[in-house]
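Worth knowing before you read on, the calculation uses all heavy atoms, side chains too, and leaves out hydrogens, waters and symmetry mates. Computed from a predicted model, the values in this text were never measured in an experiment.
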Amino acid sequence: MIEMNGAKSLLQDLDDAIARGTDESRAKALWHATDILITGRYSDDEISTFGEVIGRLAEEIEVAARAQLSELMAACDHAPLNVIEKLALDDEIEVAGPVLRESNRLDEKMLVESALTKSQSHLLAIAQRKSIGEAVTDVLVKRGNHEVVTSVARNDGARFSGSGLLHMVRRAEGDSILAEQLGLRKDVPRHIFQQLISKASEDVRRRLETERPEMMAQIQSSVTELTGDLQSKFGPSSRSYFVAKRVVTTQYRQGNLNQGSISNYARQHRFDEVQIGLSLLSSLPVDVIERALMDRNREMILVLCKALDFSWDTTMSLLFLGAKDHLITARELQDNEREYGRLKIETSRSILKFYQSRKNGAGAETVTGRQPEFQVH
């Protein structure tokens with residue numbers, strides 16, 4: 001290892017060589033400086049000085065030499081930041097590629113800048129990194145071509161924001177390769193997975209049923225459970241249920257069943273009226289509504305409320321209605337409110353249409369006896 005004074009002296013000699021040397025001597029100086037940087041240990045100030053020298057030399061060499069330098073710098077854990085950034089933003093992918101794919105010295109800000117301004121080849125190199133943060137994948141899935149988005153979907157080290165995943169689902173429509181790759185990711189939440197397969201081809205659905213049986217089973221159980229697997233508090237065979245059915249159905253036919261009605265029923269803990277009313281408003285079977293209300297996983301009730309464009313206050317009253325002893329912790333309520341805010345109406349309605357299509361196939365009926373046909377009032 002070269003001592004500090006020796007390093008400074010060496011760097012001064014290199015700087016002098018740049019000023020008075022030939023192209024050949026400058027190239028030799030570049031590789032010499034690179035070799036001693038890679039093999040030695042230096043302070044941040046010394047590394048910065050190395051960066052100034054190497055950066056000056058790199059400006060005067062050909063593409064092939066810059067590409068070779070990029071490969072060396074990409075593997076160096078203490079490569080000078082200014083050199084790494086210059087290489088990453090090089091227009092030639094042969095130069096930028098190695099550092100974009102491998103360098104751990106590039107921060108998220110620099111990766112985003114490259115993803116926003118450079119070519120599809122640059123985006124593909126970024127998509128192949130061992131780990132990619134949400135801010136970077138957001139750009140890749142919006143700006144990237146088919147090869148880029150498929151590559152990032154395959155990358156287990158890529159992290160997606162909620163909006164990024166939704167954008168990927170939209171891009172996967174009609175693209176069986178991307179749909180399958182996205183469906184195979186373990187970090188895709190269930191409601192996104194539901195939307196994905198609701199728009200996927202039958203071939204993709206069959207392959208995902210083979211590859212992700214646990215996820216498909218969860219969805220299937222949510223939409224094909226028979227009434228009675230989860231009985232309501234009063235039971236659909238009780239007299240009170242049929243009275244509630246008659247009253248709410250009349251209210252619906254007169255055009256008076258709406259969000260306010262559901263909210264009032266929920267606050268009065270009138271479970272039968274709520275599940276019948278939601279069944280009518282959403283055109284989903286009562287057993288699906290019952291499961292959504294009482295399932296400890298609150299995803300479905302949140303999706304249902306968002307599809308019906310309910311306010312958070314109404315949604316909250318339904319969450320309390322289905323909770324054990326009508327109690328919810330403050331933290332759980334806060335988490336649910338945050339999740340509800342993230343849901344999009346169109347996304348939620350798409351998921352419900354998928355639920356309806358599964359129920360239609362089973363010949364299920366709503367409380368009115370009609371086949372479900374999604375509607376919002």
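Side-chain contact between Arg298 and Tyr340: absent, with no pair of heavy atoms (C-beta onward) separated by less than 4.5 Å. Using a 4.5 Å cut-off on side-chain heavy atoms (C-beta onward), Thr314 and Cys305 make no contact. Two residues are said to be in side-chain contact when any heavy atoms from C-beta on lie closer than 4.5 Å; Asp335 and Glu332 fail this criterion. The shortest side-chain heavy-atom distance between Gln334 and Glu337 does not fall under the 4.5 Å cut-off. The shortest distance between side-chain heavy atoms of Leu208 and Leu184 falls below 4.5 Å. Leu140 places none of its side-chain heavy atoms less than 4.5 Å from the side chain of Phe160. For the pair Leu281 and Phe310, the minimum side-chain heavy-atom distance is below 4.5 Å. Looking at Leu106 and Leu100, their side chains come closer than 4.5 Å, going by heavy atoms from C-beta outward.
Looking at every heavy atom in both residues, His167 comes nearest to Val141 through CD2-O, 3.2 Å. Here the closest non-hydrogen pair linking Ala67 and Val95 is N-CG2, 3.9 Å. Counting all heavy atoms, side chain and backbone alike, Asp138 lies closest to Ser163 at OD1-OG, 4.2 Å. Residues Ser279 and Pro285 approach most closely at OG-C, 4.0 Å, considering heavy atoms. Heavy-atom minimum distance, Leu196 versus Ala179: CD2-O, 3.5 Å. Between Gln128 and Asn155, the shortest heavy-atom distance links the atoms C-ND2, 4.0 Å.
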Run the side chain to side chain donor-acceptor pair (under 3.5 Å) test on Thr249 and Arg253 for me, step by step, so that the C-alpha distance in whole Å, both residues' side-chain angles and the decisive distance to 0.1 Å come before the verdict. CA-CA 6 Å; Thr249 301; Arg253 288 172 176 165; 6.0 Å; no

Before you tell me yes or no, could you show the steps for Leu284 and Met300 under side-chain contact (heavy atoms from CB on, under 4.5 Å), namely the whole-Å CA-CA distance, both residues' side-chain angles and the distance that decides it to 0.1 Å? CA-CA 12 Å; Leu284 283 175; Met300 185 55 195; 4.2 Å; yes

Evaluate Lys186 against Arg212 for side-chain contact (heavy atoms from CB on, under 4.5 Å), listing each step before the verdict. CA-CA 9 Å; Lys186 303 298 184 183; Arg212 301 294 307 276; 3.7 Å; yes

For the pair Asp272 and Lys245, evaluate side-chain contact (heavy atoms from CB on, under 4.5 Å) and give the outcome as yes or no after the intermediate values. CA-CA 8 Å; Asp272 284 340; Lys245 179 179 176 180; over 6 Å; no

Decide yes or no on side-chain contact (heavy atoms from CB on, under 4.5 Å) for Ser103 and Met73, but give the supporting numbers first. CA-CA 8 Å; Ser103 177; Met73 291 292 99; over 6 Å; no

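The backbone N or O of Lys344 sits nowhere less than 3.5 Å from a side-chain atom of Arg349 that would complete a donor-acceptor pair. Using modelled atom types, no side-chain atom of Arg159 and backbone atom of Glu134 make a donor-acceptor pair closer than 3.5 Å. Judged by distance alone, the side chain of Gln181 and the main-chain N or O of Ala153 form no donor-acceptor pair under 3.5 Å. Not a single donor-acceptor pair under 3.5 Å links the side chain of Ser176 to the backbone N or O of Val204. Side chain of Glu85 to backbone of Met110: no donor-acceptor contact under 3.5 angstrom is found. A donor-acceptor pair under 3.5 Å is formed between the side chain of Gln120 and the backbone N or O of Arg143. Using modelled atom types, one side-chain atom of His122 and one backbone atom of Asp90 make a donor-acceptor pair closer than 3.5 Å.
The distance from the CG atom of Asp175 to the OG atom of Ser201 is 10.0 Å, given to the nearest 0.5 Å. Annotation: the span from Ile301 atom CD1 to Asp295 atom CG amounts to 10.0 Å, rounded to 0.5 Å. In this structure, OG1 on Thr347 lies 11.0 Å from CG on Leu352, to the nearest 0.5 angstrom. Atoms CD and CG, on Gln251 and Leu280 in that order, are 9.5 Å from each other to the nearest 0.5 Å. The CZ atom of Arg246 lies 13.0 Å from the OH atom of Tyr241; values are rounded to the nearest 0.5 Å. Once rounded to the nearest 0.5 Å, the distance linking NZ of Lys118 with CD of Glu113 reads 8.0 Å.
A salt bridge is absent between Glu209 and Arg206; no separation between the charged side-chain nitrogens and carboxylate oxygens falls under 4.0 Å. The pair Asp187-Arg185 counts as a salt bridge, with a side-chain nitrogen and a carboxylate oxygen less than 4.0 angstrom apart.
In Glu147, the CD atom is not crowded: 12 or fewer heavy atoms of neighbouring residues, nucleotides or ligands sit closer than 6.0 Å. More than 12 heavy atoms of other shown residues, nucleotides or ligands fall within 6.0 angstrom of atom CG in Leu116. Shown here is Arg331, whose CZ atom has no more than 12 heavy atoms of other residues, nucleotides or ligands within 6.0 Å.
At a threshold of 4.5 Å between side-chain heavy atoms, the hydrophobic network of Ile, Leu, Val, Met, Phe, Trp and Tyr places Met316 and Ile345 in two separate groups. Taking hydrophobic clusters as Ile, Leu, Val, Met, Phe, Trp and Tyr residues chained together by side-chain heavy-atom distances below 4.5 Å, Met294 shares a cluster with Leu318. There is a path of hydrophobic side-chain contacts, each under 4.5 Å, that joins Leu304 to Trp312. In the hydrophobic cluster analysis, where Ile, Leu, Val, Met, Phe, Trp and Tyr join through side-chain heavy atoms closer than 4.5 angstrom, Leu111 is grouped apart from Ile93. One hydrophobic cluster, built from ILVMFWY side chains closer than 4.5 Å, holds both Val99 and Val139.
Judged purely by distance below 3.5 Å, without hydrogens or angles, the side chains of Asn258 and Ser261 pair a donor atom with an acceptor atom. Side-chain contact of Arg267 with Ser263: a donor-acceptor pair under 3.5 Å is present, judged by distance alone.
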